[in-house]
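Quick notes on the structure that follows.
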Amino acid sequence: MELWPGAWTAVLLLLLLLLLPTLWVCSPSAKYFFKMAFYNGWILFLAVLAIPVCAVRGRNVENMKILRLMLLHLKYLYGIRVEVRGTHHFPPVQPYVVVSNHQSSLDLLGMMEVLPSRCVPIAKRELLWAGSAGLACWLAGVIFIDRKRTGDAISVMSEVAQTLLTQDVRVWVFPEGTRNHNGSMLPFKRGAFHLAVQAQVPIVPIVMSSYQDFYCKKERRFTSGRCQVRVLPPVSTEGLTPDDVPALADRVRHSMLTVFREISTDGLGGGDFVKKPGGVGEARL
């Protein structure tokens, strides 16, 4: 007895539906790939929803509020508890440069939890071509840099320095330059520090604790867990010159690495976690 083509399709779909739950239960690697595929696919879908809303304003940093609002729920889907400390360190009224460690695409969860108003990331230019996500980021004012063309990157940074001062914008930079999965921090590139010195604005370091207890790309492991985000006191650049940038970058990296090791070891970094109104955590020291 021969099955007509539609029946074969139905049989294959049935087998797939039976196979997927089995893989989910029996294979941590399969669960990792399913979770990451959904994570990226869901972000692309949310971007599709955000684009028409953001397009009303056009390219505007205020659109970042829309993206943040649409992404805040992701941590609940994955059972990740994001705990934030030190938000009082954000300068209240002036522009500044945020520098943060960079572990994986999951950094988006911590970033959205603590993102200050009128703050946009500086991202590699390849993100601009990432379908709906690229267009949504462009509409939200994300600053794109072609890291392969040094001259263009320097030119963009000079423009950003002027934008910081004239439009009251803050920028978020990952000074490691790429994702780092080794449980530490890579050496910092100095672009963010040159930017802060050129604009004479403070640097606000932000440290996200290690994801190793719930996420590991090498081991194909992705479970639920907890991440702490620590906002450190701002570092002044007033009076500094380009000659001071190397020492400045090293000093900021050292302070961030010290905190990273602390909060990645004891989880809470020595404080009682309490919930603040609006869903943002703050620790009592």
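Numbers here simply count residues along the sequence, with the first being 1.
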**Prompt:** Centres of the F214 and Y78 rings: under 6.0 Å?
**Reply:**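 Aromatic pair excluded; centres sit 6.0 Å or further apart.
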**Prompt:** If you draw a 6.0 Å radius around NE2 in H254, do more than 12 non-hydrogen atoms from other residues or ligands fall strictly inside?
**Reply:** no
**Message:** Just checking F38: does its CZ atom have more than 12 heavy atoms from other residues, nucleotides or ligands closer to it than 6.0 angstrom?
**Reply:** yes
Sidechain-backbone polar pair: [X] side chain, [Y] backbone, donor-acceptor under 3.5 Å:
{"X": "R170", "Y": "Y96", "result": "no"}
{"X": "R220", "Y": "K31", "result": "no"}
{"X": "E176", "Y": "L186", "result": "yes"}
{"X": "Q94", "Y": "V201", "result": "no"}
{"X": "E219", "Y": "C216", "result": "no"}
{"X": "D250", "Y": "A247", "result": "no"}
{"X": "S132", "Y": "L44", "result": "yes"}
{"X": "N40", "Y": "M36", "result": "yes"}

**Message:** Is the ring pair F193/F188 parallel, tilted or perpendicular, if the boundaries are 30 and 60 degrees?
**Reply:** parallel
**Request:** Using the six-membered ring wherever Trp is involved, compare the ring planes of F174 and H102 and label them parallel, tilted or perpendicular (cut-offs 30° and 60°).
**Result:** parallel
Is the shortest side-chain heavy-atom distance between [X] and [Y] below 4.5 Å?
{"X": "S264", "Y": "Q212", "value": "no"}
{"X": "C137", "Y": "F144", "value": "yes"}
{"X": "Y39", "Y": "L106", "value": "yes"}
{"X": "S104", "Y": "K217", "value": "no"}
{"X": "Q103", "Y": "F260", "value": "yes"}
{"X": "R81", "Y": "C227", "value": "no"}
{"X": "T87", "Y": "V114", "value": "yes"}
{"X": "N60", "Y": "L139", "value": "no"}

**Prompt:** What pair of heavy atoms forms the shortest contact from M112 to R68, and how long is it?
**Reply:**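 What the structure gives for the nearest pair is O-NE, 2.5 Å.
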**Asked** Going through the checks in order, is the salt bridge (Lys or Arg N to Asp or Glu O under 4.0 Å) test met by E83 and R85?
**Response** CA-CA 7 Å; E83 301 171 352; R85 299 177 62 182; over 6 Å; no
**Item:** Full working for salt bridge (Lys or Arg N to Asp or Glu O under 4.0 Å) between R57 and E62
**Value:** CA-CA 9 Å; R57 284 198 188 100; E62 291 295 332; 5.3 Å; no
**Message:** Would you say V48 ends up clustered with L108 if hydrophobic residues are merged whenever their side chains have heavy atoms under 4.5 Å apart, either directly or through other cluster members?
**Reply:** no
**Prompt:** So, R226 and Q228: side-chain donor and acceptor under 3.5 Å apart, yes or no?
**Reply:** no
**Prompt:** How many angstroms lie between atom CG of L115 and atom CG of L72, to the nearest 0.5 angstrom?
**Reply:** 9.5 Å
**Prompt:** Do K75 and E113 pass the salt bridge (Lys or Arg N to Asp or Glu O under 4.0 Å) test, and can you show the C-alpha distance, the side-chain angles, and the key distance before you say yes or no?
**Reply:** CA-CA 9 Å; K75 62 181 182 290; E113 194 75 13; 3.1 Å; yes
